[in-house]
Amino acid sequence: GVARRAEQLGAGRMLKRRDAKSVLKAVNGVLEDAAYTENAKRIADGFRRCSGARGAAGKILEVCENG
């Protein structure tokens, strides 16, 4: 699921095969394409802005109390 989501967000690739040659090809493809780096940075920035598990729990409680 994580790999599929990374691919959807343009930050990774799903492997069609799991042999060493396929992995190497995918890694090199990601490293050579600046779009993957930019998308990964964008996602990382979003994670840094999040308040983590505590913030998520707070939001859930807020919805339950107001809801």
Side-chain angles (χ1 to χ4, degrees):
V2 173
R4 186 173 298 114
R5 187 65 179 139
E7 183 178 58
Q8 290 170 344
L9 295 172
R13 289 186 182 179
M14 289 286 294
L15 294 175
K16 291 182 175 78
R17 297 176 48 192
R18 295 182 184 177
D19 59 280
K21 186 176 180 178
S22 296
V23 173
L24 182 60
K25 182 178 178 182
V27 168
N28 285 332
V30 167
L31 293 175
E32 292 170 359
D33 187 340
Y36 288 104
T37 301
E38 291 305 313
N39 290 330
K41 285 179 182 178
R42 184 176 45 81
I43 294 165
D45 288 343
F47 283 134
R48 280 191 280 283
R49 287 190 307 271
C50 289
S51 56
R54 181 172 286 162
K59 288 289 184 187
I60 292 169
L61 291 173
E62 183 180 313
V63 169
C64 289
E65 291 170 356
N66 295 326

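Sequence positions, counted from 1, serve as the residue numbers for this chain. Just so it is clear, the structure is predicted and the values come from calculations on it, not from any experiment.
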> Sorted by first residue and then second, give each salt bridge (Lys or Arg N to Asp or Glu O under 4.0 Å) pair with at least one member in residues 14-30; sequence neighbours left out.
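For residues 14-30, and leaving out neighbouring residues, the salt bridge (Lys or Arg N to Asp or Glu O under 4.0 Å) pairs sorted by first residue read Arg17-Asp19.
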
> Would you check if the side chain of Asp33 reaches a backbone N or O of Gly29 as a donor-acceptor pair within less than 3.5 Å?
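Absent.
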
> Could you note down all residue pairs passing side-chain hydrogen bond (donor to acceptor under 3.5 Å, both in side chains) where residues 3-14 supplies at least one of them, sequence neighbours left out?
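Residue pairs with at least one partner in residues 3-14: Arg5-Gln8, Arg13-Tyr36.
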
> Clusters formed by hydrophobic residues whose side-chain heavy atoms approach within less than 4.5 Å: which one holds Leu15, and what are its other members?
Val23, Val27, Leu31

> Can you sort out the partners of Ala11 under side chain to side chain contact (heavy atoms under 4.5 Å, CB included), two or more places apart, ordered by chain and number?
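With neighbours one apart ignored, the set is Asn39, Ala40, Ile43.
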
> Return all side-chain donor-acceptor pairs below 3.5 angstrom for residues 46-61, not counting sequence neighbours, or 'none' if the list is empty.
from, atom 1, to, atom 2, distance (Å)
Arg48, NH2, Asp45, OD1, 2.7

